[in-house]
Amino acid sequence: MPRIDDLLRQGRTWSFEFFPPKTEDGAREFEVAVRELAGLDPSYVSVTYGALGGVRHLTRDIVLRVNAEYAFPVMPHLTCVGHRHAEIASLLGTYRDGGVENILALAGDPRDDADEGDFRYATDLVELIRATGDFAVGVAAFPEVHPRSRDRASDRRRLADKLALADFGLSQFFFDAEHYRVMMEELADLDCDTPVVPGVMPFTSVAGTRRMAAVNGTEIPADLARRMDAVADDPEATRRLGVEVAAELVARLIELGAPGIHLYAMNRAASIRDIYAALGR
Ligand code: FAD
């Protein structure tokens, strides 16, 4: 299976993000979406990692199966906070033996009631991954600054240091391309030239998007907020607006020279297909 750093060197990547389903209906939806989106020939896909105990094995099982069944590489997200070294080392060994070559290394969010574990920051995990096997390693980037960061300057310094240890970055979603452009400029000023692939979320729910944006510190520009208000009660109109906004954003990110486009498919194919159609792909 190809490594994502090699793919990025060859040209712009197009990738999709899934989450591990927890119900039988969800599992059926996931299978249909992966099969349909495989037809769009993605460079790779990624599968998020449930930070809560008890669902972590779902990501592993799905990643190993889809990676073996399809022609594109599957990258597991992996969070380290609350984990023990031995647990993560064992999971990395399973991934390596299963032919997985790419890992997205994340801190995850600390929980008050959880075991502290052996890791504090994503960089601790990157170090363990490097010591365990020959993986291509991605890390998270926050164009609008990570919500736990003290200030912008220290956020950018930490991000540049983290990207220097990694092979590529993948960004949090955002709605204004300026945030991505400015982040890349600030990273370049810190002599960081690791590629950062922007994450684009075609939303399907206005309330859900507002909630997620609040948690992540994502700005919803005033004009978009008005367009969202106008469709909030109509699920199909909301989905279509999500597609329109995502397609506009992708077009701008391509103008800015983004090294890849990572689309949050959220286990559904329809919006991704519509974005491709809007872009004439
Ligand atoms: P870090 O890089 O460790 O940064 C966290 C904070 O610590 C930042 O404020 C940073 O500036 C600061 N920091 C870093 N190093 C140091 C240091 N040495 N000293 C002091 N401060 C430091 N979560 C999930 O649970 N599952 C997922 O599948 C998942 N997928 C994601 C995918 C993407 C693309 C993104 C952007 C996020 C994802 N997340 C996921 C969320 C992520 O786990 C959280 O946002 C988490 O709070 C931060 O993770 P990180 O890897 O960026 O952390």
Side-chain angles (χ1 to χ4, degrees), residues 4 13 15-22 44-60 62-63 74-83 88 91 95 102-112 114 116-129 137-175 179-180 183 186-187 190 192 194-201 212-218 253 258-267:
I4 293 169
T13 56
S15 53
F16 309 137
E17 182 167 312
F18 295 88
F19 61 85
K22 298 191 192 88
Y44 62 95
V45 306
S46 79
V47 181
T48 63
Y49 189 70
L52 303 174
V55 294
R56 289 165 166 173
H57 67 281
L58 295 176
T59 302
R60 178 199 62 201
I62 274 196
V63 164
V74 184
M75 171 171 70
H77 297 205
L78 179 53
T79 65
C80 61
V81 167
H83 270 303
I88 298 270
L91 182 54
Y95 280 143
N102 305 281
I103 308 266
L104 185 66
L106 303 149
D109 292 306
R111 290 194 308 144
D112 294 345
E116 275 195 358
D118 293 331
F119 303 85
R120 187 132 186 234
Y121 300 112
T123 45
D124 303 335
L125 177 56
V126 176
E127 278 169 22
L128 178 60
I129 296 172
V137 182
V139 291
F142 291 78
E144 293 171 81
V145 174
H146 187 272
R148 286 201 298 278
S149 288
R150 230 185 21 246
D151 56 72
R152 191 174 185 93
S154 66
D155 177 277
R156 292 309 188 228
R157 183 70 266 167
R158 301 279 182 214
L159 179 56
D161 291 348
K162 182 169 71 167
L163 285 166
L165 299 175
D167 296 303
F168 60 96
L170 208 53
S171 94
Q172 184 57 280
F173 74 91
F174 53 90
F175 293 113
H179 293 301
Y180 175 79
M183 174 180 72
E186 288 168 345
L187 289 170
L190 293 168
C192 174
T194 308
V196 179
V197 175
V200 175
M201 185 185 67
M212 263 192 292
V215 169
N216 292 319
T218 304
L253 290 166
I261 299 292
H262 187 66
L263 295 166
Y264 291 38
M266 294 180 290
N267 298 4

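Since we're looking at a predicted model, the values are computed, not measured. For ligands, and for the atoms within them, numbers begin at 1 and follow the listed sequence.
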Over 60° means perpendicular and under 30° means parallel, so classify the ring planes of His77 and His262, tilted if in between. tilted

Polar side-chain atom of Asn267 near backbone of Phe18 as donor-acceptor pair, under 3.5 Å: no

Closest candidate by heavy atom, reference atom 18 (N) of ligand 1, pool Phe173, Tyr121, Phe119: Tyr121

Classify the contact between Arg148 and ligand 1 as side chain, backbone, both or neither, using a heavy-atom distance cut-off of under 4.0 Å. both

Who passes side-chain contact (heavy atoms from CB on, under 4.5 Å) against Thr194, sequence neighbours left out? Leu163, Cys192

I need the atoms of ligand 1 closer than 4.0 Å to a non-hydrogen atom of Tyr49, numbered in the order shown. 24 (C), 25 (O), 26 (N), 27 (C), 28 (O)

Which is it for Ser171 and ligand 1 at heavy atoms under 4.0 Å: side chain, backbone, both or neither? backbone

Hey, does Val145 have a side-chain heavy atom less than 4.5 Å from the side chain of Met183? no

With a cut-off of 4.0 Å, which atoms of ligand 1 are near a heavy atom of Thr48? 28 (O)

Show your reasoning for whether side-chain contact (heavy atoms from CB on, under 4.5 Å) applies to Asp109 and Arg148. CA-CA 10 Å; Asp109 292 306; Arg148 286 201 298 278; 3.0 Å; yes

Contact check: Ser149 vs ligand 1, nitrogen or oxygen atoms, below 3.5 angstrom: yes

For ligand 1, find out whether one of its N or O atoms is nearer than 3.5 Å to an N or O atom of Tyr264. no

With sequence neighbours excluded, tell me which residues meet side-chain contact (heavy atoms from CB on, under 4.5 Å) with Thr123. Tyr121, Lys162, Leu165

Whether the side chain of Thr59 engages the backbone of Thr48 through a donor-acceptor N/O pair (distance < 3.5 Å, no angle test) should be reported. yes

What I want to know is whether His77 and ligand 1 share at least one N or O pair that is separated by under 3.5 angstrom. yes

Quick one: does Ala140 get an N or O within less than 3.5 Å of an N or O on ligand 1? no

Looking at ligand 1, does Phe19 have a heavy atom less than 4.0 Å from it? no

Going by distance only, is there an N or O of Arg120 that falls short of 3.5 Å from an N or O of ligand 1? no

Asp155 side chain to Ser149 backbone, donor-acceptor under 3.5 Å: no

Verdict with reasoning, Tyr44 to Asn102, per side-chain contact (heavy atoms from CB on, under 4.5 Å): CA-CA 10 Å; Tyr44 62 95; Asn102 305 281; 5.9 Å; no

I'd like the name of whichever of Val215, Thr79, Val197, Leu159 reaches closest to atom 24 (C) of ligand 1 through any heavy atom. Thr79

Going through the checks in order, is the side-chain contact (heavy atoms from CB on, under 4.5 Å) test met by Val47 and Val74? CA-CA 7 Å; Val47 181; Val74 184; 3.9 Å; yes

Report yes or no: does a heavy atom of Thr123 sit under 4.0 Å from some atom of ligand 1? no

Looking at ligand 1, is there an atom of it that comes within less than 4.0 Å of some heavy atom belonging to Gly199? no

Decide whether an N or O pair under 3.5 Å exists between Leu106 and ligand 1. no

Where ligand 1 meets Leu170 - atom numbers and elements under 4.0 angstrom, heavy-atom basis: 34 (C)

Report the relative orientation of the aromatic rings in His83 and Tyr49; use parallel for angles under 30°, tilted for 30 to 60°, perpendicular for over 60°. tilted

Subset of ligand 1 atoms that lie under 4.0 Å from at least one heavy atom of Gly108: 43 (O), 46 (C), 47 (O), 49 (O)

Go through ligand 1 atom by atom and flag the ones less than 4.0 Å from a non-hydrogen atom of Gln172. 36 (C)

Before signing off on this row, confirm whether Leu104 and ligand 1 have an N or O atom pair separated by under 3.5 Å. no

Do side-chain atoms of Ser46 reach the backbone of Glu17 as a donor and acceptor pair under 3.5 angstrom? no

